Asks: 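Here you go, one structure.
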Amino acid sequence: MLKKMINSARIAFDIIPIDPLLIKSGQATVGGVDMSFVRTYRFGEKDEPFIPGSSLKGMIRSYSEKICRSLKDNPVPVCLPYIKPKEEGEGEAHQASCGLIFEKYKKDYDVKTIPSRDIYNLSCAACRLFGSHGFIGRFAASDAYLTEEFKKTGRPLLEIRDGVAIDRLTGGAAPGAKYDLEVLTRGEFGTSLEIRNFERWQLGLTGLVLRDMEEGLVRLGFGKSRGLGKFKINIKEFKITYYNRKISHLCGLPVFCSEEENNAYGFFAETGETEPLPEPEIKGLRYEYDIKSNWKTVLTPAVDDLVKYIEATDWPGPLENFLERRR
Ligand SMILES: [Zn+2]
């Protein structure tokens, strides 16, 4: 990926569960519970429930995919991350995972690496932001830990609930298949997201997800169809940073890149202007803009960019042409 730092965005927020939450631990069970909540040991403290950054990133990615899919369905603008090429099921044509397609390509033609600019240029909207096999992406989510504020007022509460295994054929309860779930019913977690070297539409997409998370429309973890996983967020910080540049309006990579770079990576040219950014705080070479109070207004043109980008993209056309050229 671009070997220089241009811009970044950092959003810090608290996660406040509304329904019981279950983020499954990959570990062996705790005290004989079939599905237990993931825990961490930190700074020599007692074990505490936490939410891994990978779970948060997965949730935000899959919600982002839904948004992109609702903007266009022919061709579908995003891949299915776990579907291998040539193993697409009914209704999944042309949606195999970008990352798995590149893996197969490298194996089939004994190619060691594909330049990251090509990977970026040929990837779907979701992989461009969140990455795929062999390409790390621009988006990072930190682990979410219990907030100090919450810890002052109380302890997290974990309860054991009866789960009933659903028979896959009949949709009814499978005979004799009861199991226990450990769910969190009290606790608040703080975390942050970071997006480095963003195109403006990527910030627009992230903004749409944050907006729905604020309103409790996104679900997290296990058992979404069983009344688990509803939460809302409280945004604590929203900052945009530019390296060694003072700017007046929100802008993304294409503005700072040469024509050659823009073509090589296939960055999407920005369309409208945002309202002026506040005066930055200067920290060495970094110019930091605090948009916590008006981020929705600032991101409005970024959402317009997203809609136009999804409209304009003919993914997976270029990817399929790339594969075709080798045959
Ligand atoms: Zn993809």
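As the structure lists them, so they are numbered: ligands from 1, and atoms in each ligand from 1. Position 1 is the first residue of the sequence; numbering continues from there. Computed from a prediction, not measured in an experiment: that's the story for all the values here. Below, all heavy atoms of this structure are taken into account, side chains as well, without hydrogens, waters or symmetry copies.
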Asks: Please output the side-chain donor-acceptor pairs of residues 294-303 that fall under 3.5 Å, not counting sequence neighbours, one pair per line with the distance.
Replies:
residue, atom, partner, partner atom, Å
N294, ND2, E275, OE2, 3.0
K296, NZ, E214, OE1, 2.8
T300, OG1, K296, O, 2.9
T300, OG1, T297, O, 3.2

Asks: Mind listing the side-chain donor-acceptor pairs of residues 90-101 below 3.5 Å, one per line with the distance, residues two or more places apart or on another chain?
Replies:
residue, atom, partner, partner atom, Å
E92, OE1, G89, N, 2.6
H94, ND1, E320, OE1, 3.4
H94, ND1, E320, OE2, 2.6
Q95, OE1, R69, NH1, 3.1
Q95, OE1, R69, NH2, 3.1
Q95, NE2, G91, O, 3.2
S97, OG, G99, N, 3.2
S97, OG, L100, N, 3.0

Asks: At what distance, to the nearest 0.5 angstrom, does CD1 of I119 lie from CZ of F322?
Replies: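 Going from the CD1 atom of I119 to the CZ atom of F322 covers 8.0 Å.
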Asks: Give me the protein N, O or S atoms that fall under 2.8 Å of the Zn ion (ligand 1), sorted by chain and residue number.
Replies: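 Under 2.8 Å from the Zn ion (ligand 1) - ignoring waters, which are not counted - the protein N, O or S atoms are C79 SG, C98 SG, C124 SG, C127 SG.
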Asks: Indicate yes or no: does K246 engage E279 in a salt bridge with an N to O separation below 4.0 Å.
Replies: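 Salt bridge: yes.
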Asks: Quick check on the 6.0 Å ring-centre criterion: do Y120 and F267 meet it?
Replies: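 Centroid separation for Y120 and F267: below 6.0 Å.
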Asks: With sequence neighbours excluded, give me every ring-ring contact (aromatic ring centres under 6.0 Å, His included) pair touching residues 71-90.
Replies: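 For residues 71-90, and leaving out neighbouring residues, there are no ring-ring contact (aromatic ring centres under 6.0 Å, His included) pairs at all.
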